[in-house]
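Written out below as structure tokens is the structure these notes cover.
Reminder, nothing fancy here: chain letters follow the sequence lines and each chain counts from 1.
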2 protein chains.
Amino acid sequence: MAKVDTSLIAHLPLFAGVKPEDLDEILREARSARYPKNTAIFEQGADAQSFFLLLHGHVRAAKTTPTGEQIVVRYVAPGETFGLAMAIGAAQYPATAMAVDDSVALIWPTSAWPRLIERFPALAANTMQTVGKRLQESHTRILEMSTQQVEQRVAHALLRLASQSGKKRDHGIEIDFPISRQDIAQMTGTTLHTVSRILSGWESQGLVESGRQRIILRDPHKIVVLAERNPDSGAA
Amino acid sequence: MAKVDTSLIAHLPLFAGVKPEDLDEILREARSARYPKNTAIFEQGADAQSFFLLLHGHVRAAKTTPTGEQIVVRYVAPGETFGLAMAIGAAQYPATAMAVDDSVALIWPTSAWPRLIERFPALAANTMQTVGKRLQESHTRILEMSTQQVEQRVAHALLRLASQSGKKRDHGIEIDFPISRQDIAQMTGTTLHTVSRILSGWESQGLVESGRQRIILRDPHKIVVLAERNPDSGAA
DNA sequence: CAGGCAGTTTGCGATAGCGCAAAACGGGCC
DNA sequence: GGCCCGTTTTGCGCTATCGCAAACTGCCTG
């Protein structure tokens with residue numbers, strides 16, 4: 001059994017509606033594993049043998065085209081599940097998962113899923129909610145890519161990262177894991193060059209402070225304004 | 001009870017694993033309704049009071065930005081469910097559904113869902129698969145929007161429409177419901193002008209034949225080639 | 001049968017963002 | 001402490017695509 005204090009994870013969305021005393025039984029089926037920074041957890045196209053609950057660290061889920069281009073599907077924060085391929089009826093993982101920081105996850109074998117949801121229907125319901133939320137986020141992302149220009153999309157992406165994985169600093173919010181310009185480009189459908197130019201511009205206006213794989217939002221409010229500004233209602 | 005022959009819908013994905021004799025009980029909770037062409041079935045933001053199974057016709061699900069721009073989330077074909085907001089834990093519909101052709105749908109009240117899935121767990125499992133598939137499709141769409149240029153995206157969109165709702169014609173495949181250039185633009189993240197130019201070009205090459213809200217793929221194979229061609233490996 | 005209208009086509013700039021290339025930078029490793 | 005490599009910055013031309021405007025067309029309506 002995984003050596004994890006049940007009290008620390010009982011409140012997670014995945015376990016909503018599960019009796020605390022049942023949690024043990026669920027965790028008994030899991031093991032935990034450590035993934036050092038920059039190691040792959042699973043590869044796109046590989047058989048989905050496990051599903052995961054991230055305990056510590058951060059995981060990047062990315063999808064690759066036949067020609068090698070990548071997009072970042074999402075960043076997984078602690079407390080979130082990932083690798084749910086089997087729950088949605090996929091035999092293979094549709095994306096690659098990589099630890100972007102030293103990470104720890106609970107791992108259940110795919111084969112345990114049918115038994116678990118039969119015994120604890122709340123798990124199925126919670127997972128449905130999670131998948132549904134991700135679907136809506138995807139649609140929002142498509143909407144943004146269709147209607148906004150790059151600067152706005154980058155602003156939205158940073159704000160989301162900040163609210164999901166932001167760490168309060170003296171002045172502003174720092175994104176709590178290493179993230180490159182390239183990564184942000186792959187989240188917003190642009191190129192690292194364009195992201196670099198945008199961040200440079202923001203930096204000179206004091207909106208952000210950034211460096212090697214590191215971004216601090218110095219003035220989140222102004223970034224919100226940027227994110228929402230209608231392109232042609234720009235400053236005089 | 002809805003006057004629908006159970007034998008006609010028993011094979012639908014939604015009912016996979018449901019005993020034919022149970023189908024009656026499920027249908028007893030539903031009513032059916034007719035939606036004339038161009039009528040709204042529900043509006044984005046409205047309380048999700050029902051969920052739907054399309055029997056005949058075609059339905060367009062679209063999302064609108066605060067500034068009024070729209071994207072087409074998907075076209076619903078007969079046999080597919082839509083308006084599943086409640087299944088994924090959303091109290092309001094995240095998009096607007098409109099009949100693009102005279103349509104008929106089965107309608108269940110949202111309130112029936114918990115009882116139905118308790119009594120027929122296969123419904124929940126099937127819906128999970130459906131939602132999961134849509135999530136993957138969304139990710140594919142994001143990938144395309146990020147990595148392909150407009151012409152390729154339009155090619156992919158038409159091929160998908162053709163395989164989902166294509167009707168065989170003497171020469172080629174006709175998309176079986178009225179769809180405008182604007183609609184295609186909203187599916188691919190471009191403008192109706194650009195779509196019009198692209199289709200004009202294809203028409204002069206004999207790849208498609210099209211008119212007012214009507215598109216026939218005359219040479220699907222060549223369109224597949226266009227869809228997959230790497231932009232810089234273009235013809236000499 | 002004549003309008004009228006929604007949908008479509010097309011021309012013509014304007015430009016946001018790309019792509020290439022090269023230089024600067026910063027950190028970690030030996 | 002110095003070197004090496006991955007990341008970032010920036011210049012510069014290029015072009016795919018947009019945006020506006022105007023003309024056109026086929027349908028449906030009265």
Checklist entry - For the base of D:dT17, is there a side-chain donor-acceptor partner from B:H193 under 3.5 Å away? => result no

Next on the checklist: If you define the side chain from C-beta out and look only at heavy atoms, does anything of A:W202 sit under 4.5 Å from A:L158?
Outcome noted: yes

Can you give each donor-acceptor pair under 3.5 Å made by side-chain atoms of residues 91-98 of chain A, sequence neighbours left out, with the distance rounded to 0.1 Å?
unit_1 : atom_1 : unit_2 : atom_2 : d
A:Q92  : NE2    : A:D47  : OD1    : 3.3
A:Y93  : OH     : A:Q49  : N      : 3.4
A:Y93  : OH     : A:S50  : N      : 3.0
A:Y93  : OH     : A:S50  : O      : 2.5
A:T96  : OG1    : A:Q44  : N      : 2.9

Checklist entry - Does the side chain of B:T191 get closer than 4.0 angstrom to OP1 or OP2 of D:dC18 through an N or O atom? => result yes

Contacts under 3.5 angstrom, residues 76-84 of chain A side chains, donor-acceptor by atom type, not counting sequence neighbours:
unit_1 : atom_1 : unit_2 : atom_2 : d
A:E80  : OE1    : A:R74  : NH1    : 3.3
A:E80  : OE1    : A:A77  : N      : 3.1
A:E80  : OE2    : A:Q164 : NE2    : 3.4
A:T81  : OG1    : A:R134 : NH2    : 3.3

Item to check | Angle of first-five versus last-five pair axes in the helix from C:dC1-D:dG30 to C:dC30-D:dG1, to 10 degrees | outcome: 40°

Checklist entry - Are a donor atom and an acceptor atom from the side chains of B:R181 and B:S210 found within less than 3.5 Å of each other? => result yes

For nucleotides 14-16 of chain D, list the nitrogen or oxygen atoms of the protein found under 3.5 Å from its nitrogen or oxygen atoms, one pair per line.
unit_1 : atom_1 : unit_2 : atom_2 : d
D:dA16 : O3'    : B:Q149 : NE2    : 3.4

Checklist outcome for this item: 5'-most contact on DNA chain C (nearest-nucleotide basis), A:E151 vs A:R214, goes to A:E151

Checklist entry - Are A:T65 and A:T67 linked by a side-chain donor-acceptor pair shorter than 3.5 Å? => result yes

Checklist outcome for this item: note: B:I184, atom CD1; C:dT9, atom C1'; distance rounded to Å ~ 15 Å

Next on the checklist: Are the side chains of B:I179 and B:M187 in contact, using a 4.5 Å heavy-atom criterion?
Outcome noted: yes

Checklist entry - Do A:S180 and A:Q182 meet the criterion of a side-chain donor-acceptor pair at a distance under 3.5 Å? => result no

Checklist entry - To the nearest angstrom, how far is A:L192 atom CG from D:dT7 atom C1'? => result 9 Å

Checklist outcome for this item: Separation of D:dT17 atom C1' from B:Q148 atom CD, nearest Å, is 16 Å

Item to check | Integer-rounded Å distance: D:dC18 P and B:Q186 CD | outcome: 13 Å

Checklist entry - Listed in order of residue number, which residues of residues 194-212 of chain B have a non-hydrogen atom at under 4.0 Å from DNA chain C? => result B:S196, B:R197, B:S200, B:G211, B:R212

Item to check | Chi angles and distances behind the side chain to side chain contact (heavy atoms under 4.5 Å, CB included) call for B:S146, A:Q186 | outcome: CA-CA 8 Å; B:S146 299; A:Q186 290 172 346; over 6 Å; no

Item to check | For the student: nearest non-hydrogen atoms of A:A87 and A:T127, plus distance | outcome: CB-CG2, 4.2 Å

Checklist entry - salt bridge (charged side-chain N to carboxylate O under 4.0 Å, His left out) with B:R60: which residues, sequence neighbours excluded? => result B:D183

Item to check | From OG1 (A:T140) to CZ (A:R160), nearest 0.5 Å | outcome: 7.0 Å

Item to check | Nucleotide D:dG6, atom P - distance to CD of A:Q182 in whole Å | outcome: 14 Å

